[in-house]
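Comments concern the structure below.
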Amino acid sequence: MSIAIYARVSESSQIIETQLLPLREHCQRAGYKEVKEYVDHGFSGKDNNRPAFERLMVDMRQGKVDCIICYKLDRVGRSLRHLLNLFDEFRNRKVSFISLSQNIDTSTAEGRMFLNMLMVLSQYERELVVARTLDGLQRARKQGKRLGRPSGRKDSKPRAKSGYYLRYAKNK
């Protein structure tokens, strides 16, 4: 089994070994032979363009990785949408994921169940936020507040039509 260790620190002054040492020990205890490390220094978890993470994704898509292990889930990403898309891709490519400190292991039934529960709760949270936003907009309308972009000098003449609209009009 080919294992990829991924570690990330947001600031280059942080010590990456805090993550790497337990990950290496876990791989050694589990008897993993093929272990490759991908390490990003000074990149935020919300930034999807991280050099080592991108190399990891390329290697995974080329079938060089069977399992990805990280110290905590937030090391891989902080955006829910990014994580959901990522785990869909892992599942489609049959790549396992292990979060060492949170005890998530998608190679086990329990780990997949726990991850799915987290995703369901995340989806529920997102739907609550949308519902609250729509309720707030409805309340604002009832109070007579004007919603949307404020009008300005650019609104004094009709907007130019371009791009999609022109292609659509041409095909009619």
Qualifying residues under side-chain hydrogen bond (donor to acceptor under 3.5 Å, both in side chains), relative to S99, sequence neighbours excluded: Q102
N92: side chain to side chain contact (heavy atoms under 4.5 Å, CB included) partners, not counting sequence neighbours: none
Review item, side-chain donor-acceptor pairs of residues 56-67, under 3.5 Å, at least two apart:
residue: D59; atom: OD2; partner: K36; partner atom: NZ; Å: 3.4
residue: D59; atom: OD2; partner: Y38; partner atom: OH; Å: 2.5
residue: R61; atom: NE; partner: E89; partner atom: OE2; Å: 2.6
residue: R61; atom: NH2; partner: E89; partner atom: OE1; Å: 3.0
residue: R61; atom: NH2; partner: E89; partner atom: OE2; Å: 3.4
residue: Q62; atom: OE1; partner: K64; partner atom: NZ; Å: 3.0
residue: D66; atom: OD2; partner: S2; partner atom: N; Å: 2.8

Residue list, ring pair (Phe, Tyr, Trp, His ring centres under 6.0 Å) with Y6, at least two apart or on another chain: F53
Neighbour count above 12 (heavy atom, 6.0 Å) for L134 CG: yes
Inter- and intrachain pairs under salt bridge (Lys or Arg N to Asp or Glu O under 4.0 Å), touching residues 11-23, at least two apart: E17-R24
Side chain proximity check, L20 to E37, heavy atoms < 4.5 angstrom: yes
L100 and C70, any side-chain heavy atoms less than 4.5 Å apart: no
Whether R8 side chain and R75 backbone form a donor-acceptor pair below 3.5 Å: yes
Check: F97 and V76 side chains under 4.5 Å, non-hydrogen atoms: yes
Side-chain heavy atoms of Q14 within contact of I16, under 4.5 Å: no
Residues forming a side chain to side chain contact (heavy atoms under 4.5 Å, CB included) with K145, sequence neighbours excluded: A140, Q143
Side-chain heavy-atom pair I68, F90 within 4.5 angstrom cut-off: yes
Side chain to side chain contact (heavy atoms under 4.5 Å, CB included) assessment of V9 paired with Q19: CA-CA 9 Å; V9 288; Q19 296 172 44; 3.7 Å; yes
For D40 against A52, the heavy-atom pair lying closest together: OD1-N, 2.8 Å
D105: partners by side chain to side chain contact (heavy atoms under 4.5 Å, CB included), with sequence neighbours left out: I98, S107, T108
Hphob cluster co-occupancy, L73 + L86, side-chain heavy atoms under 4.5 angstrom: yes
Atom pair NE2/OG of H41 and S13 - distance to nearest 0.5 Å: 11.5 Å
Inter- and intrachain pairs under salt bridge (Lys or Arg N to Asp or Glu O under 4.0 Å), touching residues 132-141, at least two apart: none
Spatial distance of atom CD1 (I69) from atom CD1 (I104) [nearest 0.5 Å]: 12.0 Å
Residue pairs involving residues 25-34 (criterion side chain to side chain donor-acceptor pair (under 3.5 Å); sequence neighbours excluded): none
